[in-house]
Every structure is written in structure tokens, then in C-alpha cells.
Amino acid sequence: MSLLVVGLSHRSAPVSVLERASLNQDAQIKLVQDTVAAEPAAEAAVLATCNRIELYADVDKFHAGVAELSTLLAQHSGVGLEELTPYLYVHYEDRAVHHLFSVACGLDSMVVGEGQILGQIKDSLARAQELHTAGRLLNDLFQQALRVGKRAHSETGIDRAGQSLVTFGLEQLALGTAVESWARGKKALVIGAGSMSSLAAATLARAGVAEVVVANRTHERAERLARLLEEQYGRGPGGVDGTDVRARAVPMDSVRDELTRADVVVSCTGATGLVLTADAIAAGVESRTGRPPAAAPAPEAEAVLPPTSVGAEEGCPLDLSAVRPGFSVMGEAAVAGMDAATLEQHAAWVAGGTVDRREAGRRGPEADAELIGALAATASAVGRIPERRRPEPVAEPPRPEPVLFLLDLAMPRDIDAAVHRLAGVRLVDIESLAEASADAPMAADVDQVRRIVSDEVAAFGAAQRAAHITPTVVALRTMAADVVAGEIARLEGRLPGLDDKHRAEITQTVRRVVDKLLHAPTVRVKQLAAEPGGAGYADALRTLFDLDPETVASVSRAEDSTEKNPENRGPA
């Protein structure tokens with residue numbers, strides 16, 4: 001087994017990089033196809049979600065595989081390799097298995113324990129099977145990952161450690177209020193009709209919104225989702241008790257009009273550009289309030305503290321002990337109160353280039369000397385430079401209560417980040433969700449899930465090692481059957497008068513002898529091969545019995561063909 005995964009996620013890369021590196025479905029297909037066409041890889045699958053992009057492959061060379069997979073990720077994502085490399089992680093063999101199993105259990109999700117990742121893993125496997133890029137290894141790996149994830153959710157309380165990204169996002173919008181209380185009676189606009197958007201629409205319907213409007217580029221999909229929502233959550237015979245949701249579908253060009261009526265907007269499309277601009281949101285708010293939303297005041301930037309080494313060097317006239325914290329060594333505030341002669345001395349010292357600057361590289365000693373020289377000239381004209389203190393913080397006017405709540409679950413983003421600055425609007429996006437979940441408490445069940453993952457990784461490794469020797473065992477039994485057939489044919493030539501009854505008895509006896517001789521060694525060799533370091537037993541069998549390597553390879557090819565083409569399998 002030479003399983004390799006190269007990827008990046010919300011744990012390794014900032015959202016801005018993930019956003020640029022995101023892959024649409026066509027790009028994912030092309031990436032998988034190009035991976036198996038590359039020399040080191042025999043199988044490939046892509047797991048792409050809103051907060052991760054991972055490329056799985058069965059490779060014959062580790063270093064060549066890492067280089068090739070990294071290059072392909074960069075090429076298909078459009079982010080340069082040099083820029084992408086610092087954010088990539090690499091897992092190999094057992095560590096790669098451990099990583100995928102952890103992902104399947106929700107341990108690596110932005111919201112710990114969320115279960116939607118299982119559907120995404122299932123879709124990834126289905127796509128690789130359709131493209132015939134998943135062979136025995138990736139089929140076994142992804143199917144086992146799905147079983148491990150389901151086991152974690154059924155045997156532990158990992159669901160209590162977190163919720164789906166949709167639920168978590170709605171909780172952030174509700175600002176501590178129960179989602180059901182916050183959502184009741186609101187009108188919701190859902191942009192997109194994929195799995196995430198459908199989940200959001202269903203969650204809002206269950207929470208008690210009065211109306212769900214679905215907009216999608218393919219209008220038929222929007223209509224189908226709206227129809228399902230009304231059937232399940234409307235007042236009709238199939239509806240859920242306590243819900244009375246109206247649902248309708250609209251074309252994408254009606255989204256601006258719907259913004260004037262919606263209270264909640266959830267967007268998750270595969271668009272590569274913005275779906276909702278700040279201007280469109282502002283217009284929607286203005287239509288609701290009768291006035292344009294003012295920009296929220298920007299937070300005050302933190303002042304740069306002076307480096308502690310400045311003033312400690314011989315010849316530096318600046319006494320930092322007298323400088324108020326927060327003053328900039330290079331600005332007027334740092335030299336406030338100096339007389340002209342001291343300023344000139346400081347300018348000469350700075351010109352020597354010995355100062356340890358925090359802003360090194362952005363301005364040279366000559367520029368600093370010119371600045372301080374100009375301050376000295378000012379001091380000689382007016383006597384002294386008056387001290388400039390940091391202004392007292394000004395109380396910000398309270399932001400008005402939001403009239404429009406926005407949840408952007410797309411990667412890259414659907415909604416302009418500038419919307420964060422609009423008063424009367426609350427936007428929760430992938431970036432803010434990552435910040436909110438960073439300090440989320442870990443449930444005690446997480447430790448139990450980690451133990452499940454460790455046990456399953458060990459079991460998977462043993463099964464793969466045992467499976468590795470199977471073609472050799474099959475080839476050995478095939479060779480034994482050929483020997484038996486040859487000896488029976490030779491016996492018939494020497495005893496042509498042998499009747500059918502005796503011929504059958506002799507044949508059965510010889511086969512039983514061969515089977516008994518091979519039974520214990522083949523069972524034992526499978527057990528030994530399942531242990532760590534057991535791969536050498538297949539080589540020993542091939543050497544001891546002088547097995548034809550091509551016969552062994554043909555068995556492996558036949559098994560791989562069955563895995564890549566599930567329709568070739570017999571009945572289960």
C-alpha cells in the first residue's frame with residue numbers, strides 16, 4: 001500500500017487562500033484524470049469541500065508522488081506552487097488512512113462532529129468510480145472511511161460536540177438566541193440548490209420560517225427543492241407537525257428583488273465570482289428601512305510598540321523609559337520634547353543604521369534621518385516639539401439591529417466581504433465561522449472517537465497487508481491445480497483402461513492431499529502478512545514455490561479491474 005494525500009484545509013491555510021484554490025466540479029474531474037495519467041499515480045480521488053481540498057492517490061514513489069500531486073493541485077487551482085506550498089500538508093500510508101478516518105468522523109471539521117462530511121466523502125468516491133480512477137485501494141479506503149464515520153456517530157456522542165456547518169452558521173446569526181425562536185416567522189432566501197443549500201433550506205423550514213424562496217441558475221432544480229420543502233414542511237398531509245412553510249422558486253435574476261423582502265439569506269453556489277455585491281445588499285437594506293445603510297466605524301488600529309533594543313545602544317540619545325507606551329520610535333510622538341540639538345544627534349545616530357527597527361525593510365536609514373532632521377528644523381524654529389499623546393478612544397455609536405441576516409457557505413465566497421461594514425446587516429461567512437469555532441470546547445466523546453479511529457486504522461492496515469498476499473496465494477493454488485491436472489492426465493495415459501469411477505476417486509484423493517498440504521501454510525501466511533512488516537511473506541512464497549510473476553500480476557489486475565468497475569462484480 002502506498003497511499004498518499006496532499007491537501008490544504010482551514011487548519012493549514014487562511015480562508016483567502018482556500019477561496020482562491022477552490023475547485024469547481026469540472027476542475028475536480030480534470031485533476032483526477034491528470035493525476036492517474038501522471039507517472040507516480042495509479043489511482044486518484046479528490047475530496048473538495050467548503051473548507052478543504054485533498055488529493056488522494058496510490059503512488060509507487062513517495063517523493064515523486066508528493067512533487068507531482070502538489071504541482072497538479074497548483075495547476076488546477078490557479079494558485080502558484082510557490083504560494084501554495086507553505087499551506088499544503090502531506091500524509092503517507094497509515095498516516096493518510098488516519099487522516100481520512102478522522103475527517104470522516106468530523107474530528108477535522110471546522111465544527112467538530114458535523115456529519116455532512118460523510119455525504120461529501122461518498123460523493124468523492126462515486127465520482128472516482130464513475131471516472132474509473134478508484135481501484136482496490138481507494139475503493140476500500142473510502143468505503144471503510146464511511147463505515148468508520150457512521151460507527152463514530154452511532155457509538156459515541158460526537159454529535160453533541162458540534163453540529164453541521166449550516167446549524168453552526170445559523171447559531172452565529174442568531175447571536176445566542178435559540179435558532180427556532182430567532183427564525184420563527186422570518187422570510188428566507190436560499191441561493192443555490194445543491195446539498196448544502198438544500199440542508200440550509202430544510203433547517204430553516206424546521207426552525208419555523210414562514211417562507212423559503214429558492215433561487216438557482218438551473219430553475220428546474222430550484223423548483224424541485226421548493227416542491228420538496230412544501231411537501232415536507234407545508235401544512236399538507238405529508239408535512240411535519242408544527243410547520244407551515246410556503247416555498248417557491250425564482251430565477252437568479254430575481255434575487256435583487258427578493259432581497260427587498262427577505263430577512264435571512266443563505267448562499268452556497270459553485271459560482272467563481274460574487275453572487276451578491278455590497279451595493280446589491282445595501283439597496284436591499286435601503287428598500288427595507290427607507291435609508292441607505294451607513295458604513296460601520298472601522299476598528300482603531302493598534303499602535304506599534306517601539307523595539308526594546310532602541311535606546312540601549314551606545315550613542316543613542318533616545319530614552320525609552322520616558323516614552324509613553326504605544327508611541328512610534330520613528331514618528332513625532334517618540335521624539336516629542338527633545339530640543340533641536342538632541343534631535344540632530346538622534347538623526348546622526350539613525351543615519352549610522354544601528355537602530356533595531358520593527359519596520360525594517362520598509363524604510364531605510366536615510367529616510368529616517370531625513371524625517372528626524374525635518375523635526376529638528378521644526379524644533380529650532382519653535383523651540384520644542386509639543387508632545388503628541390494618543391487620542392482618547394471615542395465611543396462608537398451602537399450599530400442598529402440587523403434587518404438582514406446573511407449566511408455565506410460558499411468557497412469561494414458568494415457574498416462580498418465588504419458587507420461586514422454595512423450597518424443593519426449581519427454577515428456570517430466561512431472566515432467568521434472559522435474564528436468562532438477556533439475556541440469551541442471539545443466534547444469528552446472526542447477522545448472515544450479518536451480511539452475508534454486508531455483501532456480502525458490498525459484493522460485497515462492489517463486487512464490491506466493480508467489482501468496484498470492474496471494474489472500470491474491464488475497463484476500458488478492455481479499452480480497446484482495445474483500440477484494435479486497434469487498428473488491425472490499422465491495417469492490416464494499410463495492406465496487407459498481406468499474406468500470413470502476409479503478415475504474420479506483418484507482425482508479427488510490427489511486434490512484432497514494437495515489442499516491439506518497447502519491449507520495450513522496459506523492460512524498462516526495470511527495471518528503473518530497482516531502483521532506490521534508482513535509484506536515480505538508474499539516474496540518468500542513466490543521464491544519458495546518458483547511462482548510465475550506474471551501469473552501473480554494477472555490475478556492482481558483482475559481484482560483491480562473488478563474494483564474499478566463495480567458492475568463486473570458478481571452478486572453479493
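In this chain, numbering begins with 1 at the start of the sequence shown. Since the structure is predicted, the reported quantities are computational estimates derived from the model, not experimental observations.
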For the pair H153 and K150, evaluate side-chain contact (heavy atoms from CB on, under 4.5 Å) and give the outcome as yes or no after the intermediate values.
CA-CA 5 Å; H153 284 279; K150 292 174 183 176; 5.9 Å; no
Quick check for you: to the nearest 0.5 Å, what is the distance between E19 atom CD and I430 atom CD1?
9.5 Å
Less than 4.0 Å between a side-chain N and a carboxylate O, is that true for R451 and E155?
no
Would a 4.5 Å heavy-atom cut-off, applied to side chains only, mark S77 and L84 as touching?
yes
So do the side chains of V97 and L141 get within less than 4.5 Å of each other, counting heavy atoms only?
yes
Any ion pair linking E431 and R413 (charged N to carboxylate O, less than 4.0 Å)?
yes
Could you give the distance from CG (L125) to OH (Y56), rounded to the nearest 0.5 Å?
12.0 Å
Is the backbone of A67 close enough, under 3.5 Å, to the side chain of T71 for a donor and an acceptor to pair up by distance?
yes
Looking at E230 and R248, is there a salt bridge between them, counting it only when a charged N and a carboxylate O are closer than 4.0 Å?
no
Would you call R127-E130 a salt bridge at under 4.0 Å N-O?
no
Cut-off 3.5 Å, side chains only: do S109 and E114 have a donor facing an acceptor?
yes
Any side-chain heavy atom of V190 within less than 4.5 Å of one from S197?
yes
Sorted by chain and residue number, the side chain to side chain donor-acceptor pair (under 3.5 Å) partners of R246 (sequence neighbours excluded) come out as none
Please list all pairs passing the side-chain hydrogen bond (donor to acceptor under 3.5 Å, both in side chains) test where one or both residues lie in residues 262-277, with sequence neighbours left out.
D263-R288, S267-D414, T269-D414
Under 3.5 Å, is there a donor on one side chain and an acceptor on the other for E54 and Y89?
yes
Quick one: which residue pairs count as a ring pair (Phe, Tyr, Trp, His ring centres under 6.0 Å) with a foot in residues 247-268, not counting sequence neighbours?
none
Among E43, Q144, Q129, find the residue that satisfies the side-chain hydrogen bond (donor to acceptor under 3.5 Å, both in side chains) test when tested with N139.
Q129
Short side-chain to backbone donor-acceptor contact, Q28 and L23, under 3.5 Å:
yes
I'd like to check F101 versus R151 (side-chain heavy atoms, cut-off strictly below 4.5 Å). Are they in contact?
no
For the pair T218 (side chain) and E220 (backbone), establish whether a donor and an acceptor sit closer than 3.5 Å, ignoring hydrogens and angles.
no
Closest heavy-atom pair, S9 versus R52, reported as atoms and distance to 0.1 Å, is CB-CB, 3.8 Å
